[in-house]
Structure formats: C-alpha cells, structure tokens
Amino acid sequence: MRLTKLFTLLVSVLLLLGSCVTRKQVVYLQGLEDEALTTKLLDRRIVLHPMDKISIVVNSKDPIISSLFNLPIVSHRVSSSDISPLNAAQQVSLYSVSEAGSIDFPVLGKVEVVGLTRGQVAELIKKKLVEQSLVKDPVVVVEFANLSFSVMGEVNRPGRQMIDRDRITILDALSMAGDLTIHGQRKNVLLLRQEGGRQKSYRIDLRSAEQAFASPAYYVQQNDIIYVEPNSMRARQSTVNGNSVLSSSFWMSLASLGTTIALLFIRK
C-alpha cells in the first residue's frame, strides 16, 4: 500500500514538472508580468514598393472639378483567388507603382510615391493640387489594393493574407492565420523579407515580450513570408518510435505500467 502511494506521488511530481516545461514553451509574451517592462517600438508603417497597387480618390466641394483627378470608374470583380482589402462589389480605379517608383496621376503627371506611406502619398497629392491652384479644398483618400503577406508551417490556416492597414504586427499576422498549432515552435518563428534587393531573415521568440517588441520584424511588411517551424514533438510523431517524456503516449504508458506493478505488489 505504501508502495502504491509512493508511486502515485512520483507520477504526480513528474506530471507537474512536465506541465511547467510545456507552459514555458507555449505561452506568448512572457515577461509582461513586470509592469515596468517598456520597449520602444520601431516605426514600421507600410511604404510603397515598385509594382504595388493603390487606389486614390480626390473629393472636394465641387464634384465636377474633383472628377478631373479621378480615374474613370471601372467595375472590378474580385475573385476568390484575389487578395485585396476592397469589397468584391466595390468599383475601384487602381494605380500601379512603376519600377521607377512613380504613378501617372491625372493632370499632375508622374508623381514619385515609392518609399512613401499611404498617408504621405495623400498629403503629397493634396499639396500639389493646392500649390498649382487646381483644387482649393481637396480631400485625398489612398487605400492599399494588392498588398499581402504569407504564413506557412504550423498554423491553423496557412496561406496569403491581405494588408488592409498601415501597421500589422507579427501577432496580428499569426492571428489572421488562425494562430499557431500546439506543435508550432514559438521560440524561433522565421520571417523572410526582401530589402534593398536582398533576402533577409529574422528570428522572433514569441515567448519573450521584450525580444518580440524590439524585433525589426515585429511589424509585417508586404510580401513577407512567415514560417512557423514544427517543434520536436511534431517531428517525433513522424517516426515509428516517437514516444518521449513530453508526449501524452509516454505518460499513458508510464501510468499503465505503474498500475500493473502496484497491483502485483498488492496481490502479494
């Protein structure tokens, strides 16, 4: 009887230790318990790249004058395979950023927009319209049209996701993909990004609030690729002998063996 109690206590301790290890491996943003933790976030708003597409609409008190600076409205049907923050039934007029970094805007001609945020593009066009006495009180609205990023690996809904606002964090991106599965490796999320004609890679430890907030990859950019690696448990599941001290099958086997041993001693 004493042996049975001792075995039960041993299994309980091992389960408790195992749960502590698992918690440290899966909980996001550890360290926020300390209210004094503050990290300055880098300003990583979306800026336009060559081949991006945007919609620009100019409004004013005089709709006739405003219409001179808007592209002809065309019916644009967004198919299920298109990535766009615009409604499927919405009518849009899109500008494509050339490889040289400009768009061809009505009346104004070529306007350099590469490297600018959508807010800066709106301010630039508004300024040009006022300076050239074309529109007295313009309201310029700029929206993203085809900007997206991709999420792959151990997430619930892998695939491409649209960018519909200026700031999308890595946490937003993973939430849009249905969050990581329990088998996703939180400590080593990979983000691939093209910068200056080169492919750069960033590693983010989502378990550490301080490290995640300080990462240059905390804010997602267009064309980013996020890859969540499988943890060792998922890797072991692909093998024939995949049991380990962290797997549920191990604990079931251990409990079954312990019960058998205890029963044998009781019968004696």
Side-chain angles (χ1 to χ4, degrees), residues 28 41-57 74-99 101 103 113-119 121 141-206 212-213 215-231 234:
Y28 295 144
L41 298 178
L42 298 175
D43 187 2
R44 293 285 181 175
R45 287 175 294 177
I46 300 294
V47 298
L48 293 176
H49 296 169
M51 311 310 294
D52 285 346
K53 291 183 179 181
I54 55 176
S55 68
I56 303 176
V57 177
V74 295
S75 179
H76 177 75
R77 181 177 179 81
V78 180
S79 67
S80 59
S81 61
D82 286 338
I83 298 295
S84 174
L86 302 172
N87 266 331
Q90 188 174 1
Q91 292 183 321
V92 296
S93 297
L94 302 181
Y95 295 85
S96 294
V97 182
S98 69
E99 293 185 2
I103 60 172
V113 298
V114 73
L116 302 181
T117 66
R118 64 189 182 118
V121 173
V141 179
V142 179
E143 298 289 349
F144 300 132
N146 72 330
L147 277 58
S148 65
F149 60 89
S150 299
V151 184
M152 305 169 57
E154 286 292 335
V155 293
N156 288 297
R157 294 193 301 273
R160 295 177 65 203
Q161 301 289 341
M162 67 181 183
I163 293 176
D164 57 358
R165 56 189 183 274
D166 292 297
R167 291 183 177 90
I168 295 180
T169 69
I170 185 72
L171 299 175
D172 292 328
L174 293 172
S175 296
M176 293 164 71
D179 198 6
L180 279 69
T181 70
I182 194 62
H183 300 293
Q185 195 169 142
R186 273 88 171 145
K187 67 178 181 180
N188 200 27
V189 175
L190 173 65
L191 185 142
L192 299 176
R193 174 175 296 164
Q194 294 182 6
E195 293 183 343
R198 295 183 179 183
Q199 186 77 57
K200 290 189 176 182
S201 62
Y202 299 92
R203 296 279 181 175
I204 305 176
D205 186 352
L206 295 177
F213 294 158
S215 172
Y218 181 67
Y219 286 112
V220 177
Q221 304 288 312
Q222 67 265 51
N223 304 319
D224 280 355
I225 298 176
I226 302 168
Y227 175 62
V228 179
E229 297 180 4
N231 59 20
R234 171 67 83 185

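All values reported here derive from a predicted model rather than from experimental measurement. Note that these values count all heavy atoms, side chains included, but never hydrogens, waters or copies made by symmetry.
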Checking [X] now: which residues fulfil side chain to side chain donor-acceptor pair (under 3.5 Å) with it, not counting sequence neighbours?
X	answer
S201	none
Q221	none
R193	D224

Hey, what do you get for [atom1] ([X]) to [atom2] ([Y]), rounding to the nearest 0.5 Å?
X	Y	atom1	atom2	value
L206	L180	CG	CG	6.5 Å
Q222	M51	CD	CE	13.0 Å
K53	L94	NZ	CG	6.5 Å
N223	H49	CG	NE2	7.5 Å
Y227	Q185	OH	CD	9.5 Å
I46	L116	CD1	CG	13.5 Å

### Task
For side chain to side chain contact (heavy atoms under 4.5 Å, CB included), just list the numbers for M176 and V151, CA-CA rounded to whole Å, side-chain angles, deciding distance to a tenth of an Å, and then say yes or no.
CA-CA 9 Å; M176 293 164 71; V151 184; over 6 Å; no
### Pi-cation contact, Y218 with R44 (under 6.0 Å, within 45°)
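No; the conditions do not both hold, so R44 does not lie above the ring face of Y218.
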Closest approach of [X] and [Y], non-hydrogen atoms and distance?
X	Y	result
E154	G184	CB-CA, 3.5 Å
D172	R167	OD2-O, 4.4 Å
V189	V228	CG1-CG2, 4.4 Å
V121	L48	CG2-CD1, 3.8 Å

